[in-house]
Amino acid sequence: MKNLTVGSIPRHLLEMALPISAGMLLQTLYFLVDLYFVGRLGDVALAGVGSAGNAQFVIFSLTQMLGVSTVALISQAVGRKDRERANLIFNQSLAIAAIATLGTLLFGYAAIGPYMRTIGADAATAAAGATYLAWFLPGLALQFPMIAAGSALRGTGIVKPTMLVQALTVLLNAALAPVLIGGWITGHPLGVAGAGLASSLAILAGVILTAIYFHKLEKYVAVHGAALRPRLALWREMFRIGLPAGGEFFVMFV
């Protein structure tokens, strides 16, 4: 935990805001890296991935709801020196993240076809977008535990580990994309499927690195089995706090 109740307030604001802004940029870079390499596959592939990528804003809206509420409530608990409350909120955010991850996969795979047929300019574009989303959806689903863990750290005043992990995953995505999309080194190009797979593998690596950090280095909040049991009153409070931030991204999606 980092004590933000002493020292320069403007400095604390900058130290917290800059990594958070960088994190939002890095989340977007997954998609931009995919577009860069998919662009070499032709107009149909580029149009399919471009239209499918709008679905990210739905995930952004949901992760923002989770992240903003987690930061707000944990930071308040830390300020009161109520470590037990901070741990409860962290574990509840993980429980919500687990449900959201499963729900994203179940609903996402059911909705891919209708979604792409609705927004695709033609059958070929819809097919390319559906293929991309089918492989990118696991990565989108894994954003929830990443955001929950990163928000818990920010709530305790720690921002650098999350930004570092996100930066590493973007670099890994950029390294995997040409290999999986174009078949560099392997000689087996996967096309738009490779773009989605590269992003999903990079995000999975980020989840693993974050879990290692919490296991080895994080001491203030930790996973406790009993605290993972759903507390619906707390979920309602988190929803109330996070809804305005999430709603902004959902409007952008629309």
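Values in this document were obtained by computation on a predicted structure and should not be read as measured data. Quick note: residue numbers are just sequence positions, from 1.
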Shared-cluster residues of L172, by chain and number - hydrophobic side chains joined below 4.5 Å: W135, L176, L180, L190, L197, L201
Minimal non-hydrogen separation, [X] against [Y], with atom names:
{"X": "S93", "Y": "M238", "answer": "CB-CE, 4.1 Å"}
{"X": "P114", "Y": "T118", "answer": "O-OG1, 2.7 Å"}
{"X": "T131", "Y": "A193", "answer": "CG2-CB, 3.8 Å"}
{"X": "S200", "Y": "L137", "answer": "OG-N, 4.5 Å"}
{"X": "A152", "Y": "T70", "answer": "N-CG2, 4.0 Å"}
{"X": "A52", "Y": "G129", "answer": "CB-O, 3.7 Å"}

Say whether [X] and [Y] are linked into one hydrophobic cluster, either directly or through other cluster members, by side-chain heavy-atom distances under 4.5 angstrom.
{"X": "M146", "Y": "I158", "value": "yes"}
{"X": "L88", "Y": "V221", "value": "yes"}
{"X": "F107", "Y": "L66", "value": "no"}
{"X": "L171", "Y": "V207", "value": "no"}

Selection residues 61-103 - residue pairs positive for ring-ring contact (aromatic ring centres under 6.0 Å, His included), sequence neighbours left out: F90-F214
Residue pairs passing the ring-ring contact (aromatic ring centres under 6.0 Å, His included) test where at least one lies in residues 163-195, sequence neighbours excluded: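 Every candidate ring-ring contact (aromatic ring centres under 6.0 Å, His included) pair involving residues 163-195 fails, so no pair, neighbours aside, qualifies.
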Side chains of [X] and [Y] in contact at under 4.5 Å (non-hydrogen atoms):
{"X": "R240", "Y": "R236", "result": "no"}
{"X": "F136", "Y": "I203", "result": "yes"}
{"X": "Q76", "Y": "V71", "result": "no"}
{"X": "K160", "Y": "L164", "result": "no"}
{"X": "V38", "Y": "V192", "result": "yes"}

The criterion is side chain to side chain donor-acceptor pair (under 3.5 Å); which residues satisfy it with [X], sequence neighbours excluded?
{"X": "W235", "value": "Q92"}
{"X": "S69", "value": "none"}
{"X": "T125", "value": "D122"}

Residue pairs, two or more places apart or on separate chains, that pass salt bridge (Lys or Arg N to Asp or Glu O under 4.0 Å) and touch residues 161-176: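 Qualifying pairs: none.
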Are the side chain of [X] and the backbone N or O of [Y] linked by a donor-acceptor pair below 3.5 Å?
{"X": "D82", "Y": "A77", "answer": "no"}
{"X": "S199", "Y": "G196", "answer": "no"}
{"X": "Q143", "Y": "P145", "answer": "no"}
{"X": "R83", "Y": "Y220", "answer": "yes"}
{"X": "N87", "Y": "V223", "answer": "no"}

Tell me whether [X] at atom [atom1] has more than 12 heavy atoms from other residues, nucleotides or ligands lying less than 6.0 Å away.
{"X": "F239", "atom1": "CZ", "value": "no"}
{"X": "D43", "atom1": "CG", "value": "no"}
{"X": "R229", "atom1": "CZ", "value": "no"}

Side chain to side chain contact (heavy atoms under 4.5 Å, CB included) involving [X] - partner list, sequence neighbours excluded:
{"X": "A55", "answer": "Y115, L133"}
{"X": "A141", "answer": "T101, T104, L105"}
{"X": "L102", "answer": "L106"}

[atom1]/[X] to [atom2]/[Y] distance, rounded to the nearest 0.5 angstrom?
{"X": "M163", "Y": "L168", "atom1": "CE", "atom2": "CG", "result": "10.5 Å"}
{"X": "Q56", "Y": "I59", "atom1": "CD", "atom2": "CD1", "result": "9.0 Å"}
{"X": "I241", "Y": "L73", "atom1": "CD1", "atom2": "CG", "result": "4.0 Å"}
{"X": "R154", "Y": "T162", "atom1": "CZ", "atom2": "OG1", "result": "6.0 Å"}
{"X": "L153", "Y": "E218", "atom1": "CG", "atom2": "CD", "result": "5.5 Å"}
{"X": "L228", "Y": "N91", "atom1": "CG", "atom2": "CG", "result": "4.5 Å"}

Any residue meeting ring pair (Phe, Tyr, Trp, His ring centres under 6.0 Å) with F57, in chain and number order, not counting sequence neighbours: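 Once residues adjacent in sequence are excluded, the partners of F57 under the ring pair (Phe, Tyr, Trp, His ring centres under 6.0 Å) criterion are F60.
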Which atom pairs, donor and acceptor, lie under 3.5 Å between side-chain atoms of residues 243-254 and protein residues at least two apart or in another chain?
none

